[in-house]
Amino acid sequence: MHPAASVIFFTVFSGAGFGLLILMGFATGSNATPSTAFLVVHFGLAFAMAVAGLVSSTFHLGHPERAWRALTQWRSSWLSREGVLAVLTLAVAGLYALLWVFFDKPIGLLGWISAVLALVTVYATGMIYAQIKAVQLWNRTLTPICYLLFSLAGGGLLFLMLHALFFGSAGSLLSSVAMVLLVVAWAVKIFWWISGDRIVPLSTTESATGLGKIGKTRLFEQPHTGSNYLMNEMGHHIARKHATKLRWISVGLGAVLPIILILIALPAPADALWLVLAVISHMAGMLTERWLFFAEAKHAVMTFYT
Amino acid sequence: MTTLPETTDRKLGLVIDLDICVGCHACVVSCKEWNTGGYGAPLSDQQPYGDEPVGTFLNRVHTFEVKPENGPARVVHFPKSCLHCEDAPCVTVCPTGASFKRSDDGIVLVNESSCIGCGLCAWACPYGAREMDGAEKVMKKCTLCVDRIYNENIPEEDRVPSCVRTCPAKARHFGDLNDPQSDVSMMVADRGGFDLMPEQGTKPVNKYLPPRPKQEDLDEPVNLASLAEPKATGFLGWLDDALTRIG
Ligand code: SF4
Ligand code: SF4
């Protein structure tokens with residue numbers, strides 16, 4: 001599948017932004033003591049990332065001016081559900097933050113609700129891809145779970161970084177939580193890759209044309225000498241040897257380097273800089289992972305072109 | 001509304017005979033010609049005379065080679081357009097309600113003024129039956145020529161999809177596949193019509209008729225070149241025979 005930059009940016013950034021909202025909602029919903037500046041920066045960053053991602057996703061549309069229509073079909077469409085949930089999450093979390101920052105009224109329940117909504121939003125993002133049967137690599141229960149775990153890991157790392165910036169030290173508890181979230185997310189992702197490599201294609205040129213009853217079938221002539229929308233959109237596929245290298249790079253940048261940086265930052269008070277680097281490295285790893293998510297996926301329609 | 005109707009009163013669709021299609025692409029051209037001026041946005045081309053021409057088509061003809069266990073390989077021309085699936089995954093993924101399936105005749109359509117051009121429906125279709133128009137940026141697909149089949153302003157014999165009307169070999173047929181007595185349903189029953197990619201669970205309405213079995217006794221390749229040798233007659237014929245006899 002064609003890896004469109006706008007969609008890669010959208011899923012990675014809004015994923016991390018919503019991840020931060022999840023952690024903020026749960027952490028502050030149960031224990032409300034932080035300062036106003038702390039709140040403004042935390043919610044500000046979470047909102048900025050989530051909104052930047054959502055705005056970027058509209059660049060992918062042929063008619064962004066009609067994007068509001070995408071909020072109407074939540075009964076049947078995961079893409080619509082994702083849109084509705086994202087708006088709801090931002091509204092509830094925004095209300096929670098406003099009441100707290102401006103009126104000094106932290107309503108813990110709103111925090112919990114926004115955290116749950118953010119969780120479901122990220123799940124819905126994963127389901128946009130996981131629902132597509134024609135792309136077997138995506139069409140698995142584990143796909144939305146990967147999205148959720150990455151969102152939590154990204155949010156955890158952001159939370160840790162902001163904490164260190166504010167209080168001079170990240171603290172061993174938060175550092176351990178962030179590292180556990182990273183390890184779990186990437187372990188599940190590696191399992192997703194390995195199990196994905198073993199997929200037996202559901203559809204073949206034989207089943208697509210029905211000619212398998214006669215014999216082995218192959219494309220003799222394309223419908224046209226040039227390319228077309230389908231080939232550009234669905235025909236993009238990265239060679240296995242490149243994919244393997246990129247997988248290593250994404251794990252290195254997304255998990256290994258951030259964990260090393262967390263460990264370096266741990267005994268060094270006031271060294272939030274290490275954690276800023278950890279966040280940057282993690283985001284680079286995530287962008288690589290998301291690029292591969294598209295570039296490695298094969299679409300059933302390509303059986304008509306091989 | 002992008003939920004699917006439970007059932008449809010009729011199931012209008014195409015039956016395509018793979019035994020008959022000669023791969024002339026006339027249906028591709030007539031489809032493009034009719035639909036670029038009919039329902040919705042035109043079917044645009046990008047760089048039609050440039051180095052890398054691309055364009056929107058609702059119907060394309062592929063050509064496959066099939067190699068049986070024993071016997072020679074054969075070539076099968078394979079026209080493909082929207083199959084107007086009963087369980088159309090393209091419809092349920094649509095976030096805007098632009099994609100829908102009609103409950104009276106089962107035709108799957110796109111309301112282009114609601115389409116945001118997200119492309120998700122094209123991803124959901126396993127058959128590649130939807131293409132985003134490069135100029136209008138809305139999703140285009142076969143409408144089963146909805147602006148012909150009910151059109152009382154054109155002669156009755158023209159009230160079929162453009163591809164069906166055009167096919168010079170009569171490889172394409174149009175009708176109600178819900179009615180077991182219709183010509184198309186009887187053809188499907190008679191010839192063992194089949195679904196494409198049944199494993200995708202889309203329950204396509206369009207059916208394909210398999211190529212008929214070829215003669216099996218062709219293990220000795222026929223020497224066609226010898227048939228083309230000119231046979232001399234008259235004096236030259238006598239000379240030819242005489243010289244052949246001498247050696
Ligand atoms: S062939 Fe594709 S576009 Fe047509 S109804 Fe089926 S899934 Fe939808
Ligand atoms: S491209 Fe248009 S018709 Fe297709 S899913 Fe998006 S909004 Fe619906």
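Since the structure is predicted, the reported quantities are computational estimates derived from the model, not experimental observations. Protein chains get the first letters and strands the later ones, always in sequence-line order, with residue 1 at the start of each.
In this structure, A:Ala130 and A:Thr143 approach most closely via the heavy-atom pair CB-CB, 4.0 Å. Annotation for B:Cys145 and B:Ser162: closest pair SG-N, 3.3 Å, computed over non-hydrogen atoms. Taking every heavy atom of both residues into account, A:Leu90 and A:Ala50 meet most closely at CD2-CB, 4.2 Å. The minimum heavy-atom distance between A:Gln136 and A:Leu202, with the atom names listed, is OE1-N, 2.8 Å. Looking at every heavy atom in both residues, A:Ser151 comes nearest to A:Gly15 through OG-O, 2.8 Å. In terms of heavy atoms, A:Pro144 sits closest to A:Arg140 at CD-O, 3.5 Å.
For the set B:Arg60, B:Arg74, B:Glu136, the entry with the most heavy-atom pairs within less than 4.5 Å of chain A is B:Arg60. Contact count against chain A (heavy-atom pairs under 4.5 Å) is highest for B:Glu199 among B:His77, B:Glu131, B:Glu69, B:Glu199. Of the listed residues B:Ala124, B:Pro211, B:Pro79, B:Gly128, the one with more heavy-atom pairs under 4.5 angstrom with chain A than any other is B:Gly128. The candidate with the highest count of non-hydrogen atom pairs below 4.5 Å against chain B, out of A:Met1, A:Glu206, A:Gln131, A:His299, is A:His299. Put simply, of A:Gly210, A:Gly226, A:Gly212, the one with the most heavy-atom pairs under 4.5 Å next to chain B is A:Gly210. Options A:Ile132, A:Ile128, A:Asn228, A:Val7 differ in how many heavy-atom pairs under 4.5 Å they form with chain B, and the most are formed by A:Asn228. For the set B:Gly117, B:Pro68, B:Cys118, B:Ser114, the entry with the most heavy-atom pairs within less than 4.5 Å of chain A is B:Ser114. Ranked by heavy-atom pairs under 4.5 Å with chain B, the first of A:Ala70, A:Gly83, A:Pro223 is A:Pro223. Highest contact tally toward chain A, considering only B:Ala98, B:Ala73, B:Ser113, B:Gly119, is held by B:Ser113 [criterion: heavy-atom pairs under 4.5 Å]. When the candidates A:Thr209, A:Val135, A:Thr217, A:Thr204 are compared by the number of heavy-atom contacts under 4.5 Å with chain B, A:Thr209 comes out ahead. Between chain A and the residues B:Pro89, B:Pro210, B:Ala122, B:Ala129, the largest count of heavy-atom pairs under 4.5 Å involves B:Ala122. Considering only heavy-atom pairs separated by less than 4.5 Å from chain B, the leading option among A:Trp78, A:Tyr305, A:Phe220 is A:Phe220.
Ring centers of A:Phe293 and A:Tyr147: under 6.0 Å apart, within the cut-off.
Using a 4.5 Å cut-off between heavy atoms, A:Met231 does not touch chain B at all. Contacts between B:Phe78 and chain A at a heavy-atom distance below 4.5 Å involve the side chain alone, from C-beta outward. Both the backbone and the side chain of B:Val93 come within contact range of chain A, with heavy atoms under 4.5 Å apart. Both the backbone and the side chain of A:Ala208 come within contact range of chain B, each with at least one heavy atom under 4.5 Å from a heavy atom of that chain. The contact between B:Cys94 and chain A is made entirely by backbone atoms, counting heavy-atom distances below 4.5 Å. Using a 4.5 Å cut-off between heavy atoms, A:Ile214 contacts chain B through both its backbone and its side chain. When heavy atoms are compared at a cutoff of 4.5 Å, A:Thr205 approaches chain B solely by way of its side chain, counted from C-beta outward.
Counting heavy atoms from C-beta outward, B:Asn59 and B:Arg172 have side chains that approach closer than 4.5 Å. Looking only at side-chain heavy atoms (C-beta outward), B:Val75 and B:Phe64 stay at 4.5 Å or farther from each other. Counting heavy atoms from C-beta outward, A:Leu21 and A:Phe47 have side chains that approach closer than 4.5 Å. The closest side-chain heavy-atom distance from A:Met283 to A:Val12 is below 4.5 Å. Taking 4.5 Å as the limit, every side-chain heavy atom of B:Thr92 sits out of range of all side-chain heavy atoms of B:Asp87.
The side-chain contact (heavy atoms from CB on, under 4.5 Å) search around A:Glu296 returns A:Leu137, A:Trp193, A:Ile238, A:Arg240, A:Ala243, A:Arg247, A:Leu292, not counting sequence neighbours.
Under a cutoff of 6.0 Å and an axis angle of 45°, B:Lys140 and A:Tyr229 do not form a cation-pi pair.
Contact residues of residues 104-112 of chain B toward chain A are B:Glu112 (heavy-atom distance under 4.5 Å). Taking 4.5 Å as the heavy-atom cut-off, the residues of residues 19-55 of chain B that approach chain A are B:His25, B:Pro53, B:Val54, ordered by number. Among residues 56-66 of chain A, the residues having any heavy atom closer than 4.5 Å to a heavy atom of chain B are, in sequence order, A:His60, A:Leu61, A:Gly62, A:His63, A:Arg66.
Side chains of A:Thr303 and A:Ser203: no donor on one and acceptor on the other come within 3.5 Å.
Rounded to the nearest 0.5 Å, atoms CZ (B:Phe174) and CG (B:Asp183) are 12.0 Å apart. To the nearest 0.5 Å, atoms OH (A:Tyr123) and CG (A:Leu148) are separated by 8.5 Å. To the nearest 0.5 Å, atoms CZ (A:Phe294) and NE2 (A:His236) are separated by 12.0 Å. Remark: B:Asp195 CG to B:Thr202 OG1 distance equals 7.5 Å, nearest 0.5 Å. Rounded to the nearest 0.5 Å, atoms CG (B:Leu177) and NE2 (B:His84) are 11.5 Å apart. The structure places OG1 of B:Thr96 at 10.5 Å from CG of B:Leu120, a figure rounded to the nearest 0.5 Å.
Note on ring orientation: taking the six-membered ring where Trp is involved, the planes of A:Tyr129 and B:Trp123 are tilted (angle from 30° to 60°).
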